[in-house]
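Written below as structure tokens is the structure these notes are about.
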Amino acid sequence: MFLLEHDAKELLAARGFPVPPGVLVREAAEVAATELPPGPWVVKAQVPVGGRGKAGAIQLAATREAVAAQVGSLTRRRVHGHPVRACRIEQQLHGAQEAYLGLLVDGASGGVQVLLSAGGGVDVERLQAEQGLLRFRTVTGEPEELLAAVDELAGAFPESWHAPLREAGRLAAEAFPALDALLLEINPLFIWPDGRWAAGDAKLIVDDNALPRQPAVQRLLEQRPWAYPETVIKWTEGFDYVDLHPDGEIGLVSTGAGLGMMVVDELEAQGLKARNFVDIRTGLLRGDPRRLIRVLEWIAAGPNLRVVLINVFAGVTHLGEFARLLLEALDRVPQVKVPVVARLVGTGLDEARAVLAASPRRIVLTTDLDEAVAMATALAKGVQSPC
């Protein structure tokens, strides 16, 4: 779960991180009635992605009128494919040098990488490539080891930076495991000559599988469901669903994250856009079509939908039962008026074939994934009719 910068800063501030004062607004009209921090301001588009500065999604403003204008402009934009649904209005900070602090889970070792750099901001990658300023260590996720790594790395930087880097590192080392974080970046980490420091920006990705033990993150889902629609679905519905392309031609109903992403990639290779990604977890259907109904309702909302592609490799799930639930769900979602291609493999295939064959609903059935993708592609491009 990639948190909005505003929410990341609120969580970190609650754990002792100094952050520039700021507020969250969703539209320009809110600015006039909102108590802003002292100006001048920086207006930041709130999207779950990096690279906002280079994309022009962070703007300076010297007057309240300019703030409102920037909010109005940014909330009409998309940044790296993400719609801007809110902006953080933050007090500008001056007179500081910029550093970089990062902690991220290292998949190869199972540990955590601790990274420090004497350069920060939007050009941190270029500074690293040109000047080799980045220092890192890979340790276990224990706070003591994380802190020891920061202490060691901080020694390579100017002496005046040692205390603020170590203090920032201590707070990060405590917050990282406490928040079930997968990534925590402070970039830029502002450092002033007198030793003060602040998190100029914060990127925080937390493990959404750990939500049951993260009440503060749960509250964010309740307060701002518009900001985290996929995580809200997983939390409330019990499975993963992601809107990939609102204008996508092919809606997917699949089980297995890896298998689902493989189909998405294959469709893109064919010049088509998947409407969605979903791991519907058929083993948890348990005779109830509601999960299928919800997915079909979301898929059917796409204005350019041309085909629904079912991809189920069943183990525990009996395909006969799945076929009956699928037909019931299709009956209860009449908005799905497009052809359906079903690739089914696993227990109860013969029964599923008989169930689908007896239905007046014409569903193309195959056991071969490549064939299913080819059929769905041909239907989406209008060169084949379902038969």
Side-chain angles (χ1 to χ4, degrees), residues 1-3 5 7-9 11-19 48-53 97-191 197-211 213-214 216-217 231 257-258 261:
M1 177 180 172
F2 195 135
L3 297 183
E5 175 204 2
D7 291 337
K9 282 183 170 176
L11 288 178
L12 295 176
R15 304 190 65 86
F17 280 76
V19 302
V49 66
R52 292 174 301 159
Q97 292 181 289
E98 295 183 356
Y100 167 92
L101 168 64
L103 282 76
L104 69 153
V105 171
D106 180 56
S109 68
V112 176
Q113 282 194 359
V114 181
L115 305 97
L116 283 179
S117 173
V122 296
D123 290 322
V124 66
E125 293 89 354
R126 179 182 61 79
L127 289 171
Q128 166 55 17
E130 294 178 0
Q131 303 177 30
L133 299 176
L134 190 68
R135 303 285 186 272
F136 73 93
R137 293 286 183 274
T138 302
V139 297
T140 71
E142 294 298 323
E144 297 80 8
E145 290 205 27
L146 294 173
L147 181 57
V150 172
D151 280 340
E152 178 189 353
L153 294 171
F157 297 97
E159 185 174 353
S160 61
W161 286 23
H162 291 181
L165 284 179
R166 284 172 173 148
E167 174 65 9
R170 179 185 66 80
L171 292 172
E174 294 171 352
F176 194 80
L179 294 171
D180 289 296
L182 304 175
L183 170 71
L184 171 57
E185 267 189 357
I186 308 298
N187 179 35
L189 172 63
F190 290 133
I191 299 178
W197 65 276
D201 197 353
K203 184 187 295 182
L204 180 60
I205 300 176
V206 299
D207 184 358
D208 55 17
N209 292 309
L211 279 173
R213 58 175 178 262
Q214 293 296 337
V217 179
T231 306
M261 288 308 301

* Structure fact -> Separation between CG (Leu115) and CG (Leu101), nearest 0.5 Å, reads 8.5 Å
* **Passing candidate, side chain to side chain contact (heavy atoms under 4.5 Å, CB included) with Val139, options Glu145, Glu144, Gln113, Glu152** => Glu145
* Applying side-chain contact (heavy atoms from CB on, under 4.5 Å), name anything that partners Ala216, two or more places apart in sequence or on another chain. => Leu11, Arg219
* Kindly indicate whether the side chain of Val112, heavy atoms from C-beta on, has any atom under 4.5 Å from the side chain of Pro177. => no
* Structure fact -> Rounded to the nearest 0.5 Å, the CZ atom of Phe176 sits from the CG atom of Leu204 at a distance of 9.0 Å
* Residue pair Val150, Arg170: steps toward the side chain to side chain contact (heavy atoms under 4.5 Å, CB included) verdict -> CA-CA 8 Å; Val150 172; Arg170 179 185 66 80; over 6 Å; no
* To do: For residues Leu147 and Arg166, report the shortest heavy-atom separation together with the two atoms involved.
  => CD1-O, 4.3 Å
* Nearest-0.5 Å distance, CZ of residue Phe136 to CG of residue Asp106 -> 9.0 Å
* Asked: If every non-hydrogen atom of Gly50 is compared with every non-hydrogen atom of Phe2, which pair is closest and at what distance?
  -> N-CZ, 4.2 Å
* Leu211: which of Thr231, Asp180, Val206 passes side chain to side chain contact (heavy atoms under 4.5 Å, CB included) -> Thr231
* Is any side-chain heavy atom of Leu116 closer than 4.5 Å to a side-chain heavy atom of Leu189? -> no
* To do: Please round to the nearest 0.5 Å and tell me the distance separating atom CD1 of Ile205 and atom CG of Leu104.
  => 9.5 Å
* Asked: If you look at every heavy atom in Trp161 and Ser117, which pair is closest and at what distance?
  -> CZ3-O, 4.5 Å
* Side chain of Lys203, backbone of Val49: donor and acceptor closer than 3.5 Å? -> no
* Asked: Shortest non-hydrogen contact from Ala13 to Val19?
  -> CB-CG2, 4.0 Å
* Asked: Is the closest side-chain heavy-atom distance between Phe17 and Lys9 below 4.5 Å?
  -> no
* Of the non-hydrogen atoms in Ala202 and Leu12, which two are nearest, and what is the gap between them? -> CB-CD1, 3.8 Å
* How far does CG of Leu184 sit from CG of Leu179, to the nearest 0.5 angstrom? -> 8.0 Å
* Do Glu174 and Arg15 sit within salt-bridge range, that is, some charged N less than 4.0 Å from a carboxylate O? -> no
* To do: Verify, without hydrogens or angle tests, whether Arg137 (side chain) and Val114 (backbone) share a donor-acceptor contact under 3.5 angstrom.
  => no
* To do: Determine whether Phe190 and Glu98 make a side-chain contact, defined as any pair of heavy atoms from C-beta on separated by less than 4.5 Å.
  => yes
* To do: Please test Ile191 against Leu165 for side chain to side chain contact (heavy atoms under 4.5 Å, CB included), starting from the C-alpha separation and ending with a verdict.
  => CA-CA 9 Å; Ile191 299 178; Leu165 284 179; 4.1 Å; yes
* To do: Quick one: do Asp207 and Val105 satisfy side chain to side chain contact (heavy atoms under 4.5 Å, CB included)? Show the steps, please.
  => CA-CA 11 Å; Asp207 184 358; Val105 171; over 6 Å; no
* Are side-chain heavy atoms of Asn187 and Asp201 found at a separation under 4.5 Å? -> no
